[in-house]
Amino acid sequence: VQLQASGGGLVQAGGSLSLSCAASGRTASSYVMGWFRQAPGKEREFVAAIYWSGDSTYYADSVKGRFTISRDNAKNTVALQMNSLKPEDTAVYYCAAGLRGWYRRESDYDYWGQGTQVTVSS
């Protein structure tokens, strides 16, 4: 499975951005899809996840109510809509796919896309 993330950029605090992750290769219908982020000097952290064949979604407490993860099975894509962005959301965002049935840890994922930079100015 190859994952391609896109949609990052520079936005002012309070603004919105939408990230997209396109999956190609082996069908992703059985995968948990997740978004992680890594800020400078910090470890990569879980942001959100969605089970590909269902509607179960999960969020880190820091983004709950502001970010929304969704998927389009027909297009094999997963999106992360980010609203009310804060400077502390600044990070490189990564999408990932996993078959293990869990979602919160990096080790739950088998495939990773390249990161896309999100910068939120104050």
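This is a predicted model, so every value here is computed, not measured.
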Residue pair [X] / [Y]: nearest heavy atoms and the distance that separates them:
X      : Y      : value
Arg104 : Tyr59  : NH2-O, 4.1 Å
Asp89  : Ser84  : OD2-O, 4.4 Å
Gln117 : Ala91  : NE2-O, 3.5 Å
Val92  : Gly115 : CG1-CA, 3.5 Å
Ser16  : Asn83  : OG-OD1, 2.9 Å
Val1   : Tyr111 : O-CD2, 3.5 Å

As an exercise, state the distance from [atom1] of [X] to [atom2] of [Y], rounded to the nearest 0.5 Å.
X      : Y      : atom1 : atom2 : value
Gln12  : Ser122 : CD    : OG    : 9.5 Å
Gln81  : Leu17  : CD    : CG    : 8.5 Å
Leu10  : Thr119 : CG    : OG1   : 6.0 Å
Tyr109 : Arg100 : OH    : CZ    : 11.0 Å

Is there a donor-acceptor contact under 3.5 Å from the side chain of [X] to the main chain of [Y]?
X      : Y      : value
Asn76  : Ala23  : yes
Gln114 : Ala5   : yes
Tyr94  : Gly34  : no
Asp110 : Leu99  : yes
Thr90  : Val120 : yes
Tyr103 : Thr57  : no

Pairwise side-chain contact, [X] with [Y], heavy-atom cut-off 4.5 Å (strictly under):
X     : Y      : result
Met82 : Arg66  : no
Leu80 : Phe67  : yes
Arg44 : Glu106 : yes
Tyr58 : Tyr51  : yes
Lys75 : Ser20  : no

Q: Over 60° means perpendicular and under 30° means parallel, so classify the ring planes of Phe36 and Phe46, tilted if in between.
A: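 Ring orientation of Phe46 relative to Phe36: perpendicular.
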Q: Report, as yes or no, whether the 6.0 Å neighbourhood of atom NZ on Lys64 holds more than 12 heavy atoms from other residues, nucleotides or ligands.
A: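 Yes.
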